[in-house]
Amino acid sequence: MEADEARIDRLCEEREAWIFELAWDGHRVTVARVDDDVRIVSADGRDWSATFPALVRALCALPTSPLVMEGHLCALDESGRPSFDALRRCVSDPKHGPVVLAAWDVFVVGADDLGAQPLEARRARLATILAAASPSLLLSESLDGDPRALLGRLRAIGVRGLVARPRASLGPAATSPLQWWCLSTDAQKPVRWDRSLSPAASVTNRDKVLYPRDGLTKADVVAYYAHVAPVLLPYLRDRGVVAQRWPDGIDAFTWYQHRPPPRAPDYVRGFSFDGDRRLLLEDREALLWMVNQAALTFHGWTSRTRSVHEPDWAILDLDPGEATRWEQTIEVALAVRRLLELLDLPSVPKTSGKKGLHVLVPLAPGHDMASAQSLARHVASLVARLAPDVVCLSAEPEERRGRLYLDHQQGYPGKTLVLPYALRDLDGAPVSTPLAWDEVTPRLDPGAFTLRTLARRLDRVGDLARPLLGPGVSIAAALARLSRSSAP
DNA sequence: GAGTGTG
DNA sequence: CACACTCAACGCCGG
DNA sequence: CCGGCG
């Protein structure tokens, strides 16, 4: 907000150097036309031409080709204002409409590449091109006057904001986003440019049975995730996720979806890692769309996309063997907890949803994978030394001999952990459920937390894993103590 | 689960 | 129209 | 380089 005030002051001072326009409440697209071939493409590369045939026809009717313009797809609501919701209605149902393109820039006109010309000159060309165009292609007019006064007038008529671009700026705005500013008319509500346009997910094959012994259907699974979405989504925000899918139910083939599916709606997001696209499910729509793809289990990265090499959890994964009794699993968990307490480290236990338990330490920003790994390995090896007959640090069956595998392996970005509130592929539809430490006793029954029972538990105890979303703690002191007192 | 291709 | 087919992961570790 | 593992 203060930043906004400073910007307005600067814009008022330098107002001759800027062009002001509406922040159109629509969806930003680039339109490229070569003869009769017209593409309407959003920033994420999605092609919307088939969705808006009338606009394609209007673009084809222009006398100019080739042509590359940029602008916003817009639809008007009942009161005549551009409205994103109205636009979304047009996408799911072509009866609504019309949709217009509010063009604000042009880069290619016939043989002319305007990339090296200043915005002011490009807009002059744009005005000429659009002068005789269909009414569905309109110029985003520049607005004159004092920016502060403009903002006030826009606020009064319910427009969301004002865009300022330097008259002299070169090249496509998309390639230099810092060259333009957007001022919101509502200080509480910054203008968002990344809203998705795809129609909301619908549930297909509602009656398909995914848990055969329980008769639980896709509709049941969707209803479950819809209910837990408010507590689950904070763990998905800005965190890579791997969706494990069972299109024919838990007895049949499964696979792990690491990437955004090619034809997913645009609210299913991705991020780049190591030159690959990886999956992000950051809102309710995206989560439920993926659930409709028969995703039952969600595995989360241990780090955020903004800092993939800095885990925000250190993890001890208690994976019981065939020879492990439940009381032993509990004992190991409590030993892990006691060690962490001695090190002044908080921890959150959760069921894996199967036979195991996860213990997580929320980490402050700035830790690398190696430190998280080091903490987990130190704790694991101390526990293994206390109970060598019960605990094993290796996953190898030969060495393990049925003992509990205390997994401390977490040394790279992309390694995942079953997220809190994820369903598992076992009869009863169990859920990986965050616990209070005083629930971690031999009487704990992880099978009691299921698709059917979790809503009531959430009402009663809330989200016990919340500390994992907090600021986290530093483990530097703990690591120092551990390396002083013992071998790794 | 969904899109594409084939008889 | 029905059916067949195809596609949808990654990286560690130890051997 | 492979298979096992999660």
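Only a predicted model underlies this, so the values are computations on that prediction, with no experimental measurement involved. Below, chain A is the first sequence line, B the second, and so on; all start at residue 1.
- Nucleotides D:dG3 and C:dA9 place their C1' atoms 16 Å apart, quoted to the nearest Å.
- When distances are taken from the side chain of A:Lys218 to each of B:dG1, C:dC12, C:dA9, the shortest belongs to B:dG1.
- Atom P of nucleotide D:dG6 and atom CG of A:Leu316 are separated by 16 Å, given to the nearest angstrom.
- Contact check, A:Arg278 against C:dA8: no side-chain N or O comes under 4.0 Å of OP1 or OP2.
- A:Arg377 places its CZ atom 10 Å from the P atom of C:dC13, with the value rounded to the nearest Å.
- Put simply, NZ on A:Lys415 is 7 Å from C1' on C:dC12, counting in whole angstrom units.
- For A:Thr305 and A:Asp238, the side-chain atoms include at least one donor-acceptor pair closer than 3.5 Å.
- Taking atom P in both D:dG6 and C:dA8, one finds a spacing of 25 Å when rounded to whole Å.
- Atom CD1 in A:Ile250 sits about 18 Å away from atom C1' in B:dG1, given to the nearest Å.
- When the nucleotides B:dG1, D:dG6, C:dA9 are ranked by their closest atom to the side chain of A:Ala294, B:dG1 comes out on top.
- With sequence neighbours excluded, no residue forms a side chain to side chain donor-acceptor pair (under 3.5 Å) with A:Trp313.
- A cation-pi arrangement is absent between A:Arg269 and A:Trp289, since the terminal nitrogen or guanidinium carbon is not both under 6.0 Å from the aromatic centre and inside a 45° cone about the axis.
- Among the heavy atoms of the strands, none lies under 4.0 Å from A:Lys354.
- A:Asp319 comes within contact range of the sugar-phosphate backbone alone, with a heavy-atom separation under 4.0 Å but no base atom that close.
- Inspection of the A:Ser196 and A:Ser198 side chains reveals no N or O donor paired with an N or O acceptor under 3.5 Å.
- Between the CG atom of A:Asp248 and the P atom of C:dA4 there is a distance of 14 Å, rounded to whole Å.
- Contacts of A:Ser394 with the nucleic acid, taken as non-hydrogen atoms under 4.0 Å apart, are absent.
- Remark: P of C:dC13 and CE of A:Met369 are 13 Å apart, rounded to the nearest angstrom.
- Set against C:dA9, D:dG6, B:dT4, the side chain of A:Tyr256 has C:dA9 as its closest nucleotide.
- Computed from coordinates, the A:Asp317 CG to D:dC5 C1' distance equals 12 Å when rounded to whole Å.
- In summary, the side chains of A:Ser272 and A:Arg277 do present a donor paired with an acceptor at a separation below 3.5 Å, with no hydrogens or angles considered.
- Here B:dG1 presents its P atom at 8 Å from CH2 of A:Trp255, a figure rounded to the nearest Å.
- With D:dG6, B:dG1, C:dA8 as the candidates, the nucleotide lying closest to the side chain of A:Gln257 is C:dA8.
- Residue contacts for A:Phe253: at a heavy-atom cut-off of 4.0 Å it reaches a base atom on one of the strands shown.
- Considering only side-chain atoms of A:Arg263, the nucleotide from B:dG1, B:dT4, C:dG11 that sits closest is B:dT4.
- For A:Ser42 and A:Asp44, the side-chain atoms include at least one donor-acceptor pair closer than 3.5 Å.
- OP1 or OP2 of D:dG6 lies within a sub-4.0 Å distance of a side-chain N or O belonging to A:Arg400.
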